[in-house]
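To start, the structure itself, in structure tokens.
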Amino acid sequence: MDEQPRLMHSHGVGMARHPGMAQNMQDGTGGTDGDGRKQDIGDILQQIMTITDQSLDEAQARKHALNCHRMKPALFNVLCDIKEKTVLSIRGTQEDDAPDAQLMRLDNMLLAEGVSGPEKGGGSAAAAAAAAAAGGGVGQDNSTEHSDYRAKLTQIRGIYHTELEKYEQACNEFTTHVMNLLREQSRTRPISPKEIERMVGIIHRKFSSIQMQLKQSTCEAVMILRSRFLDARRKRRNFNKQATEILNEYFYSHLSNPYPSEEAKEELGKKCSITVSQVHYAATVSNWFGNKRIRYKKNIGKFQEEANMYAAKTAVSATNVSAHGSQANSPSTPNSYGTKSVLLMLVWLHGIPN
DNA sequence: CCCCATGATTCATG
DNA sequence: CATGAATCATGGGG
């Protein structure tokens, strides 16, 4: 069957004669062997027309006979020509890429969510938001919610990729199958390579629409996952009493300079066992201190009582509070307000003094 | 219900 | 990038 293209090609030059031939067939004034040829072609056409009425074996034999007929290539080309002019022109090239925009959107989203992107890089915005310091930072035992999210996302990615691959493979298989079929059939039916090509295009479009469905549902899954995990992060959960206790203790015992270092934040977070809805201890602690500073500054009077309470507390509990020494300028007794710490406090309360 | 304390987010700044 | 400031959104208490 693969001799077909070669045959057609070698005879392709003769295509220009077709109209003449057709004319000859009609008026029958073709010369000495005109009648014979006409008869010949009539026979062939008749055989083709009735080929479906025959038994399978008969048809097979007839097919072979036809295929070996000397007129076959020319006739094939003529029929292809006719078919092209009638059938194919009807559904011309209407291959518009209308849903391309949506496909792009889906692709972008999948990429952004880290589903279709680099394998485990986590370079996506969302994954980064979820994973916080996953890339370079310390391992940080994150909240269970977070690892849950990651696990689910990985699962989705796995499914997505296997499905995609499956579709890809099925598409290829189906395409080769159809191509083989059409090539085989082109021995007896006027199917030009161009038409096969077109058919392949149709198949591919069909499969990519299936792919788009897959992408769509994957996107949906990711969206649901997001709303279940990431957006829950936005919900505020109040710390328990102990946590605020610890944080306040630190805050008021470092009132002169309440800017915990990164390590201090980490440690505070751990001590408070902040597992509530946040990825990173330090981030939550930073939030807390940020809010605390600004709210304290805004209305010192309101916090006075609290401040006194914690001052008393630390004064009793520790004689040497600055054990951690994270604050280089912190005096040994933070709440005694030495001149140094007063200056420091003025700085963070009111900015750099003149 | 409303109110407000409060954790989180956003945006500007330097 | 850390902080300040404003703002959002929620949970708990009246």
Side-chain angles (χ1 to χ4, degrees), chain A residues 112-113 122-150 223-310 324-330 334 341 343-354:
Chain A
E113 295 297 334
S124 74
V138 195
Q140 104 284 11
D141 45 343
N142 35 26
S143 68
T144 51
E145 291 181 21
H146 176 209
S147 52
D148 256 13
Y149 176 83
R150 279 250 293 260
M223 292 302 272
I224 290 170
L225 192 64
R226 271 175 69 89
S227 65
R228 286 241 322 263
F229 286 88
L230 281 188
D231 295 350
R233 169 189 60 166
R234 197 184 177 97
K235 293 194 174 173
R236 182 173 63 84
R237 303 295 293 247
N238 288 342
F239 297 153
N240 59 36
K241 194 140 190 185
Q242 196 198 349
T244 42
E245 196 103 334
I246 292 168
L247 291 169
N248 272 318
E249 211 165 287
Y250 188 97
F251 181 80
Y252 287 110
S253 65
H254 296 76
L255 196 52
S256 59
N257 195 28
Y259 294 82
S261 66
E262 209 57 34
E263 302 85 55
K265 285 181 201 168
E266 194 79 27
E267 193 173 331
L268 280 169
K270 267 184 204 150
K271 236 196 288 188
C272 300
S273 51
I274 296 174
T275 55
V276 225
S277 73
Q278 189 38 286
V279 189
H280 213 169
Y281 292 144
T284 303
V285 174
S286 286
N287 284 338
W288 191 89
F289 272 89
N291 285 320
K292 189 73 183 179
R293 275 193 302 268
I294 201 160
R295 282 162 184 162
Y296 177 86
K297 179 179 355 185
K298 219 178 223 169
N299 189 353
I300 296 180
K302 198 169 72 179
F303 290 91
Q304 195 56 56
E305 194 184 333
E306 195 176 71
N308 290 337
M309 196 184 95
Y310 282 102
H324 294 124
S326 52
Q327 308 298 317
N329 292 321
S330 189
S341 54
L343 277 179
L344 271 171
M345 187 149 71
L346 287 177
V347 169
W348 84 259
L349 278 177
H350 307 293
I352 305 290
N354 307 337

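Since the model is a prediction, treat every value here as computed from it, not as a measurement. Numbered from 1 within each chain, the chains take letters A, B, ... in sequence-line order.
For A:R293 and C:dA5, the CZ to P distance is 10 Å, given to the nearest whole Å. For the pair A:N257 CG and C:dG4 P, the computed distance is 10 Å after rounding to whole Å. Spacing between atom NE2 of A:H350 and atom P of C:dG4 amounts to 13 Å, rounded to whole angstrom units. Rounded to an integer number of Å, the gap from A:K298 NZ to C:dT3 P is 18 Å. When rounded to the nearest whole Å, the span between CD1 of A:I294 and P of C:dC8 equals 15 Å. Remark: P of C:dA5 and CZ of A:F289 are 17 Å apart, rounded to the nearest angstrom. Taking atom CG of residue A:N291 and atom P of nucleotide C:dA2, one finds them 17 Å apart after rounding to whole Å. With rounding to whole Å, A:N299 atom CG is found 15 Å from C:dA5 atom P.
Axis angle across the helix from B:dC1-C:dG14 to B:dG14-C:dC1, with five pairs used at each end and values rounded to 10°: 0°.
Here B:dT9 is the nucleotide among B:dT9, B:dG7, C:dG4 with the atom lying nearest to any side-chain atom of A:N287.
For A:K297 and C:dA5, the shortest distance from a side-chain N or O to OP1 or OP2 is below 4.0 Å. In this model, the phosphate group of C:dA2 is not approached by any side-chain N or O of A:K265 to a distance below 4.0 Å at OP1 or OP2.
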What does the list of N/O pairs under 3.5 Å between the protein and nucleotides 11-14 of chain B look like, with a distance for each?
none

Using nucleotides 1-6 of chain B, report all nitrogen or oxygen pairs with the protein that are shorter than 3.5 Å.
residue, atom, partner, partner atom, Å
B:dT6, O2, A:R236, NE, 2.8

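For A:F303 and A:Y252, the ring centers sit 6.0 Å or farther from each other.
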| message | One pair to check against side-chain contact (heavy atoms from CB on, under 4.5 Å): A:F239 and A:L247. What are the steps and the verdict? | response | CA-CA 10 Å; A:F239 297 153; A:L247 291 169; 4.0 Å; yes
| message | Using the rule given for side-chain contact (heavy atoms from CB on, under 4.5 Å), can you reason through A:L255 versus A:Y310, listing the C-alpha separation, both sets of side-chain angles and the distance that settles it, and then say yes or no? | response | CA-CA 11 Å; A:L255 196 52; A:Y310 282 102; over 6 Å; no
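For A:N308, the side-chain hydrogen bond (donor to acceptor under 3.5 Å, both in side chains) criterion is met by A:Q304, not counting sequence neighbours. The salt bridge (Lys or Arg N to Asp or Glu O under 4.0 Å) check on A:E263 picks up nothing, with sequence neighbours excluded.
A perpendicular orientation is assigned to the rings of A:F251 and A:W348, their planes being inclined by more than 60° (bins at 30° and 60°).
Between A:Q242 atom CD and A:E249 atom CD the span is 10.5 Å, to the nearest 0.5 Å.
Sorted by first then second residue, the salt bridge (Lys or Arg N to Asp or Glu O under 4.0 Å) pairs that include residues 295-308 of chain A, not counting sequence neighbours, are A:K292-A:E306.
Of the listed residues (A:H254, A:E267, A:E266, A:K265), just one forms a side-chain contact (heavy atoms from CB on, under 4.5 Å) with A:P260, and that residue is A:K265.
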